[in-house]
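Structure first, commentary second.
None of these values were measured; they are calculated from a predicted model.
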Amino acid sequence: MSKKEHWENVFSTKKETEVSWYQTNPETSVNGILKANLQKNAKIIDIGGGDSYLTDKLIELGYTNLFLLDISENAINRIKNRLGEKSQYVTFIVSDILDFKPEEAFDFWHDRASFHFLTSKEEIKAYKAIVEKSTTEKANLFMGTFSESGPLKCSGLEITQYSESKLELIFSDTFDKTECFTENHHTPFETVQNFIFCNFKKK
(Lines give C-alpha, C1' and ligand atoms only; values in the text may rest on other atoms or scores of the structure.)
Protein backbone atom coordinates (compact mmCIF):
# COMPACT_ATOMS: atom_id res chain seq x y z
CA MET A 1 0.00 0.00 0.00
CA SER A 2 1.38 3.39 -0.98
CA LYS A 3 1.61 6.27 1.49
CA LYS A 4 -1.38 7.96 -0.12
CA GLU A 5 -3.44 4.76 -0.13
CA HIS A 6 -2.64 4.29 3.56
CA TRP A 7 -3.97 7.71 4.54
CA GLU A 8 -6.98 7.56 2.23
CA ASN A 9 -7.88 4.30 3.97
CA VAL A 10 -7.45 5.82 7.42
CA PHE A 11 -9.74 8.73 6.66
CA SER A 12 -12.35 6.58 4.92
CA THR A 13 -12.59 3.89 7.60
CA LYS A 14 -12.03 5.69 10.91
CA LYS A 15 -14.16 8.32 12.59
CA GLU A 16 -12.41 11.47 13.78
CA THR A 17 -12.53 10.18 17.38
CA GLU A 18 -10.88 6.91 16.34
CA VAL A 19 -7.47 8.37 15.52
CA SER A 20 -4.78 9.09 18.09
CA TRP A 21 -4.25 12.72 17.10
CA TYR A 22 -7.85 13.77 17.68
CA GLN A 23 -8.32 16.89 19.81
CA THR A 24 -11.23 19.32 19.67
CA ASN A 25 -9.11 22.16 21.04
CA PRO A 26 -5.58 22.25 19.57
CA GLU A 27 -4.56 24.79 22.19
CA THR A 28 -0.80 24.38 21.80
CA SER A 29 -0.88 25.08 18.08
CA VAL A 30 -3.31 27.98 18.45
CA ASN A 31 -1.13 29.57 21.14
CA GLY A 32 1.95 29.14 18.95
CA ILE A 33 0.25 31.04 16.16
CA LEU A 34 -1.12 33.76 18.45
CA LYS A 35 2.39 34.41 19.82
CA ALA A 36 3.52 35.36 16.32
CA ASN A 37 1.23 38.45 16.38
CA LEU A 38 0.26 37.97 12.75
CA GLN A 39 -2.09 40.12 10.75
CA LYS A 40 -5.47 38.45 10.28
CA ASN A 41 -4.79 38.12 6.54
CA ALA A 42 -1.36 36.52 7.02
CA LYS A 43 -0.80 33.36 5.01
CA ILE A 44 -0.86 30.42 7.43
CA ILE A 45 -0.34 26.88 6.18
CA ASP A 46 -1.02 23.68 8.11
CA ILE A 47 0.98 20.72 6.81
CA GLY A 48 -0.65 17.29 7.10
CA GLY A 49 -3.47 18.78 9.11
CA GLY A 50 -6.04 16.23 7.97
CA ASP A 51 -9.42 17.11 9.42
CA SER A 52 -8.01 18.61 12.63
CA TYR A 53 -9.80 21.45 14.41
CA LEU A 54 -6.94 23.93 14.06
CA THR A 55 -8.48 25.46 10.95
CA ASP A 56 -11.86 25.85 12.68
CA LYS A 57 -10.24 27.63 15.63
CA LEU A 58 -8.23 29.98 13.42
CA ILE A 59 -11.34 30.97 11.48
CA GLU A 60 -13.10 31.65 14.79
CA LEU A 61 -10.19 33.93 15.73
CA GLY A 62 -10.62 35.91 12.53
CA TYR A 63 -7.82 34.59 10.30
CA THR A 64 -8.88 34.78 6.66
CA ASN A 65 -6.01 33.43 4.55
CA LEU A 66 -5.55 29.83 5.60
CA PHE A 67 -4.04 26.91 3.69
CA LEU A 68 -4.45 23.24 4.55
CA LEU A 69 -2.32 20.58 2.90
CA ASP A 70 -2.90 16.87 3.28
CA ILE A 71 -2.06 13.82 1.23
CA SER A 72 -5.58 12.43 1.78
CA GLU A 73 -8.47 13.73 -0.30
CA ASN A 74 -10.82 11.96 2.10
CA ALA A 75 -9.43 14.03 4.96
CA ILE A 76 -9.81 17.25 2.99
CA ASN A 77 -13.39 16.39 2.06
CA ARG A 78 -14.25 15.68 5.71
CA ILE A 79 -13.08 19.08 6.90
CA LYS A 80 -14.70 20.84 3.92
CA ASN A 81 -18.02 19.29 4.86
CA ARG A 82 -17.58 20.27 8.50
CA LEU A 83 -16.64 23.87 7.74
CA GLY A 84 -19.38 24.45 5.19
CA GLU A 85 -19.46 28.14 4.20
CA LYS A 86 -16.40 28.83 6.36
CA SER A 87 -14.36 26.94 3.74
CA GLN A 88 -14.15 30.24 1.86
CA TYR A 89 -11.28 31.23 4.16
CA VAL A 90 -9.24 28.12 3.32
CA THR A 91 -7.25 26.99 0.30
CA PHE A 92 -7.27 23.19 0.33
CA ILE A 93 -4.32 21.33 -1.17
CA VAL A 94 -4.27 17.56 -1.75
CA SER A 95 -0.60 16.66 -2.03
CA ASP A 96 2.26 14.77 -0.52
CA ILE A 97 4.34 17.46 1.16
CA LEU A 98 7.41 16.30 -0.76
CA ASP A 99 5.59 16.97 -4.05
CA PHE A 100 4.37 20.41 -2.94
CA LYS A 101 5.32 23.29 -5.25
CA PRO A 102 3.53 26.35 -3.86
CA GLU A 103 3.03 29.47 -5.94
CA GLU A 104 3.12 31.74 -2.88
CA ALA A 105 5.17 32.17 0.27
CA PHE A 106 3.74 31.67 3.76
CA ASP A 107 4.08 33.80 6.86
CA PHE A 108 3.48 30.90 9.24
CA TRP A 109 4.30 27.23 8.59
CA HIS A 110 2.60 24.85 11.01
CA ASP A 111 3.31 21.13 11.21
CA ARG A 112 2.04 18.99 14.06
CA ALA A 113 2.91 15.32 13.59
CA SER A 114 3.47 15.28 9.84
CA PHE A 115 7.22 15.91 9.66
CA HIS A 116 8.03 12.94 11.90
CA PHE A 117 6.72 10.53 9.24
CA LEU A 118 9.77 11.38 7.12
CA THR A 119 12.32 8.74 8.00
CA SER A 120 15.16 9.12 5.48
CA LYS A 121 17.82 11.82 5.23
CA GLU A 122 16.71 12.50 1.66
CA GLU A 123 13.08 13.12 2.67
CA ILE A 124 14.08 15.38 5.56
CA LYS A 125 16.44 17.37 3.31
CA ALA A 126 13.70 17.76 0.68
CA TYR A 127 11.18 18.96 3.30
CA LYS A 128 13.66 21.49 4.64
CA ALA A 129 14.25 22.87 1.14
CA ILE A 130 10.50 23.27 0.59
CA VAL A 131 10.10 25.14 3.89
CA GLU A 132 12.99 27.47 3.12
CA LYS A 133 11.71 28.25 -0.39
CA SER A 134 8.06 28.61 0.61
CA THR A 135 8.25 30.99 3.57
CA THR A 136 8.46 34.76 3.68
CA GLU A 137 11.19 36.86 5.27
CA LYS A 138 10.92 36.59 9.08
CA ALA A 139 8.36 33.79 8.73
CA ASN A 140 7.51 31.54 11.66
CA LEU A 141 7.99 27.76 11.63
CA PHE A 142 6.09 25.81 14.28
CA MET A 143 7.05 22.15 14.44
CA GLY A 144 5.51 19.42 16.58
CA THR A 145 6.84 15.84 16.52
CA PHE A 146 7.02 12.81 18.76
CA SER A 147 9.80 13.34 21.27
CA GLU A 148 12.47 10.79 22.18
CA SER A 149 10.08 9.70 24.95
CA GLY A 150 7.17 9.34 22.52
CA PRO A 151 5.93 6.46 20.36
CA LEU A 152 8.03 4.77 17.68
CA LYS A 153 5.06 4.39 15.33
CA CYS A 154 1.86 6.23 14.45
CA SER A 155 -1.04 4.78 12.50
CA GLY A 156 1.08 1.69 11.92
CA LEU A 157 3.89 3.66 10.26
CA GLU A 158 7.46 4.18 11.41
CA ILE A 159 8.30 7.69 12.56
CA THR A 160 11.41 9.67 13.52
CA GLN A 161 11.65 10.80 17.13
CA TYR A 162 13.16 14.20 17.85
CA SER A 163 14.91 16.11 20.59
CA GLU A 164 15.28 19.89 20.78
CA SER A 165 18.85 19.68 19.50
CA LYS A 166 17.93 17.41 16.56
CA LEU A 167 15.18 19.74 15.37
CA GLU A 168 17.36 22.81 15.80
CA LEU A 169 20.20 21.22 13.84
CA ILE A 170 17.95 20.51 10.85
CA PHE A 171 16.56 24.03 10.50
CA SER A 172 19.34 26.20 11.98
CA ASP A 173 20.77 27.21 8.58
CA THR A 174 17.71 29.35 7.89
CA PHE A 175 15.74 29.56 11.14
CA ASP A 176 16.55 30.66 14.68
CA LYS A 177 14.91 28.67 17.48
CA THR A 178 12.79 30.84 19.76
CA GLU A 179 11.39 28.18 22.09
CA CYS A 180 11.06 24.42 22.56
CA PHE A 181 9.03 22.41 25.05
CA THR A 182 7.64 18.94 25.56
CA GLU A 183 4.00 18.14 26.17
CA ASN A 184 1.86 15.07 26.71
CA HIS A 185 -1.01 14.45 24.32
CA HIS A 186 -3.83 12.31 25.69
CA THR A 187 -5.36 10.20 22.94
CA PRO A 188 -9.02 9.11 22.69
CA PHE A 189 -7.78 5.64 23.69
CA GLU A 190 -6.57 6.88 27.10
CA THR A 191 -2.91 6.56 26.16
CA VAL A 192 -0.29 9.30 26.42
CA GLN A 193 2.06 10.47 23.66
CA ASN A 194 4.95 12.79 24.43
CA PHE A 195 5.54 15.54 21.86
CA ILE A 196 8.23 18.13 21.43
CA PHE A 197 7.18 21.50 20.01
CA CYS A 198 9.66 24.02 18.63
CA ASN A 199 9.03 27.50 17.31
CA PHE A 200 11.49 29.02 14.85
CA LYS A 201 11.89 32.43 13.24
CA LYS A 202 13.37 32.80 9.76
CA LYS A 203 16.69 34.64 9.75
If you count heavy atoms of other groups shown closer than 6.0 angstrom to [atom1] of [X], is the number above 12?
X      : atom1 : result
Phe92  : CZ    : yes
Gln39  : CD    : no
Glu168 : CD    : yes
Lys40  : NZ    : yes

Supply the atom-to-atom distance [X] [atom1] to [Y] [atom2], rounded to the nearest 0.5 angstrom.
X      : Y      : atom1 : atom2 : result
Asn140 : Met143 : CG    : CE    : 12.5 Å
Phe100 : Leu69  : CZ    : CG    : 5.5 Å
Asp56  : Ser52  : CG    : OG    : 7.5 Å
Leu118 : Ile170 : CG    : CD1   : 9.5 Å
Phe175 : Cys198 : CZ    : SG    : 13.0 Å
Phe117 : Thr145 : CZ    : OG1   : 11.0 Å

Determine whether [X] and [Y] make a side-chain contact, defined as any pair of heavy atoms from C-beta on separated by less than 4.5 Å.
X      : Y      : value
Phe181 : Thr28  : yes
Lys203 : Lys138 : no
Trp21  : Gln193 : no
Ser163 : Ser147 : no
Ile33  : Ile44  : yes
Leu157 : Trp7   : yes
Phe108 : Ile45  : no
Ile71  : Lys3   : yes

Should [X] and [Y] be counted in the same cluster of Ile, Leu, Val, Met, Phe, Trp and Tyr side chains packed under 4.5 Å apart?
X      : Y      : value
Val90  : Leu58  : yes
Leu54  : Leu141 : no
Ile59  : Ile93  : no
Ile124 : Ile196 : yes
Val30  : Leu38  : yes

Can you tell me if [X] uses its side chain to pair, donor with acceptor, with the backbone of [Y] under 3.5 Å?
X      : Y      : value
Thr135 : Ala139 : no
His116 : Phe146 : yes
Glu18  : Lys15  : yes
Thr119 : Thr160 : no
Asp99  : Ser95  : no
Glu8   : Asn74  : yes
Ser87  : Gly84  : yes
Ser114 : Asp111 : no

* Asked: How are the rings of Tyr22 and Tyr53 set to each other: parallel, tilted or perpendicular (split at 30° and 60°)?
  ->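 Rings of Tyr22 and Tyr53: perpendicular, as their planes differ by over 60°.
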Considering non-hydrogen atoms only, spot the tightest contact between [X] and [Y] and give its length.
X      : Y      : answer
Gly32  : Phe142 : CA-CE1, 3.9 Å
Val10  : Ser155 : CG2-OG, 3.6 Å
Ala75  : Asp70  : CB-OD1, 4.0 Å
Pro151 : Gln161 : O-NE2, 3.4 Å
Gln23  : His185 : NE2-ND1, 3.9 Å
Gly49  : Leu68  : CA-CD1, 3.6 Å

May I ask you to decide whether [X] forms a salt bridge with [Y], counting only side-chain N to carboxylate O separations under 4.0 Å?
X      : Y      : answer
Lys4   : Asp96  : no
Glu60  : Lys86  : no
Lys202 : Glu132 : no
Lys128 : Asp173 : yes

* **Working for side chain to side chain contact (heavy atoms under 4.5 Å, CB included), residues Lys177 and Lys201** => CA-CA 6 Å; Lys177 181 191 69 181; Lys201 189 79 171 177; over 6 Å; no
Taking the six-membered ring for Trp, is the centroid-to-centroid distance between [X] and [Y] below 6.0 Å?
X      : Y      : answer
Tyr63  : Tyr89  : no
Phe197 : Phe195 : yes
Phe171 : Phe115 : yes

* Hey, mind stepping through Lys43 and Asp107 against salt bridge (charged side-chain N to carboxylate O under 4.0 Å, His left out) and telling me if it holds? -> CA-CA 5 Å; Lys43 292 182 179 180; Asp107 303 303; over 6 Å; no
* To do: Give the C-alpha distance, both sets of side-chain angles, the deciding distance and a yes or no for side chain to side chain contact (heavy atoms under 4.5 Å, CB included) between Phe200 and Asp176.
  => CA-CA 5 Å; Phe200 300 89; Asp176 287 321; over 6 Å; no
* Under 3.5 Å, is there a donor-acceptor pair between the Asn41 and Thr64 side chains? ->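 On atom types as modelled, these side chains do not qualify, holding no pair under 3.5 Å.
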* Would you please test Tyr127 and Ile97 for side chain to side chain contact (heavy atoms under 4.5 Å, CB included) and show each step? => CA-CA 7 Å; Tyr127 182 105; Ile97 180 56; 3.8 Å; yes
* What do the steps show when you test Glu16 against Arg82 for side chain to side chain contact (heavy atoms under 4.5 Å, CB included), and what is the final call? -> CA-CA 11 Å; Glu16 62 177 13; Arg82 189 176 75 228; 3.7 Å; yes
